[in-house]
Amino acid sequence: MKNKLLLLILILIVNILLACGGDGKAISDSEAKKSDVLVIGFVQVGAESAWRMANTESFKEAFDFKQRYDFRFFDSQNNPTLQQTAVYDFIAQEVDYIILAPIEEYGWDEILAEARDAGIPVILTDRMIETDDDSLFVTWVGGDFLKEGLDAIKWLENYLISIGRDNKPLNVFHMQGTIGSSPQLGRTEGISTGIANNENLILKAQETGDFTIAKGQEVMEQWLRNYPLSKIDILIAENDDMAFGAIRAMQAFGIKPGEDIIIISFDAGKEAVQAVADGLINCTIESNPIHGRRVRQIVEFLDAGAILGKRSYVNNGMFFDINNAADEVINRF
Ligand code: AHR
């Protein structure tokens with residue numbers, strides 16, 4: 001009983017450390033000498049967005065310590081089949097740890113069972129998998145996407161009150177991320193719930209822009225061709241990049257983004273926060289991409305024999321609008 005309690009306390013402390021940012025300091029020489037070089041296989045989603053680039057950079061930086069890590073990076077180019085092949089490949093290479101940011105939540109049971117049976121711990125980062133079998137991964141760390149979606153609608157409702165538009169029906173155009181990915185599933189659920197609970201918000205159109213500028217632009221162009229401007233009140237894009245694509249489309253149609261159409265996005269990268277300060281985006285919701293050091297800390301904990309909780313959420317919760325954007329640009333990724 002006592003041992004169980006101690007174990008629970010250890011898990012709790014580790015999870016608090018991870019959630020708080022786990023911004024581990026550089027690893028000291030003595031720490032590095034404790035064990036051999038660890039072979040780490042990181043299977044990344046792709047390079048679809050500013051968020052992803054910052055995320056990749058944070059991993060490369062965190063594991064840039066040759067005496068301790070042999071860090072092997074794979075860019076899945078947003079291709080789920082390619083991503084699964086990469087995981088098989090790392091299993092074949094007998095790496096010490098696999099770090100996986102799954103493109104989609106589905107279809108992981110078989111392959112991750114192989115990793116588990118080969119004795120390779122799988123750390124999930126950013127995105128989750130859908131499974132009934134928690135033994136397929138040792139731990140996951142990432143953002144609370146459902147909360148982000150709900151927060152976006154809360155911000156919108158307050159904003160509409162502040163500009164006196166809360167009593168009229170307003171059409172919402174909802175641009176989703178990669179279908180089946182955790183941020184899409186969570187944010188869509190939060191946004192849909194928030195809209196359903198507000199009788200003045202009408203979901204007019206919903207389509208994926210795949211988290212990219214190009215697809216965001218394409219989808220917005222299509223909407224602008226199919227609907228008159230008077231019917232498009234609000235755009236909610238599930239990341240900054242799609243919002244940038246949509247802004248390009250609006251500008252090409254002679255529409256003033258942020259003025260003629262209210263725009264909300266997610267991630268809150270530097271460029272997007274600057275766009276808020278410039279009045280092009282009305283609000284961007286924070287999603288922190290700097291997971292590299294957090295995950296490195298997880299590897300070190302696991303290597304020291306710690307047992308971690310299955311899920312730890314990164315502390316997000318900020319949003320950037322005209323009231324704080326100009327001051328915050330400097331602090332963003
Ligand atoms: O999984 C995180 C999401 O993926 C980010 O919001 C998006 O920009 C990225 O591509």
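Order of appearance sets the numbers: ligands from 1, and atoms from 1 within every ligand.
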Review item, side-chain donor-acceptor pairs of residues 251-259, under 3.5 Å, at least two apart:
none

Holding to salt bridge (charged side-chain N to carboxylate O under 4.0 Å, His left out), I want the full list of residues that pass it with Asp267, two or more places apart in sequence or in another chain.
Arg187

Pairwise side-chain hydrogen bond (donor to acceptor under 3.5 Å, both in side chains) hits with a residue in residues 40-50, at least two apart:
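Every pair satisfying side-chain hydrogen bond (donor to acceptor under 3.5 Å, both in side chains) with a residue in residues 40-50: Gln44-Arg52, Gln44-Asn55, Gln44-Thr56, Glu48-Arg52, Glu48-Asn78.
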
Pair Thr188, Gln176: side-chain N/O donor-acceptor within cut-off below 3.5 Å:
yes

Kindly state whether the ring of Phe145 and the ring of Phe266 have centres lying under 6.0 angstrom apart.
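No, ring centres 6.0 Å or more apart.
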
Polar pairs, ligand 1 vs protein, N/O only, below 3.5 Å.
from: ligand 1; atom 1: 1 (O); to: Arg52; atom 2: NH2; distance (Å): 3.3
from: ligand 1; atom 1: 1 (O); to: Asp126; atom 2: OD1; distance (Å): 2.9
from: ligand 1; atom 1: 1 (O); to: Asp126; atom 2: OD2; distance (Å): 2.9
from: ligand 1; atom 1: 1 (O); to: Arg127; atom 2: NE; distance (Å): 3.0
from: ligand 1; atom 1: 1 (O); to: Arg127; atom 2: NH2; distance (Å): 3.4
from: ligand 1; atom 1: 4 (O); to: Arg52; atom 2: NH2; distance (Å): 3.0
from: ligand 1; atom 1: 4 (O); to: Arg127; atom 2: NH2; distance (Å): 2.8
from: ligand 1; atom 1: 6 (O); to: Arg187; atom 2: NH1; distance (Å): 2.8
from: ligand 1; atom 1: 6 (O); to: Arg187; atom 2: NH2; distance (Å): 3.2
from: ligand 1; atom 1: 6 (O); to: Asp267; atom 2: OD1; distance (Å): 2.6
from: ligand 1; atom 1: 6 (O); to: Asp267; atom 2: OD2; distance (Å): 3.4
from: ligand 1; atom 1: 8 (O); to: Ser49; atom 2: OG; distance (Å): 3.2
from: ligand 1; atom 1: 8 (O); to: Asn239; atom 2: ND2; distance (Å): 2.9
from: ligand 1; atom 1: 8 (O); to: Asp267; atom 2: OD2; distance (Å): 2.6
from: ligand 1; atom 1: 10 (O); to: Glu48; atom 2: OE2; distance (Å): 2.3
from: ligand 1; atom 1: 10 (O); to: Ser49; atom 2: OG; distance (Å): 3.0

Could Lys60 and Phe73 be counted as a cation-pi pair, given that NZ or CZ must be under 6.0 Å from the ring centre and within 45° of the axis?
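Yes, a cation-pi geometry holds between Lys60 and Phe73.
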
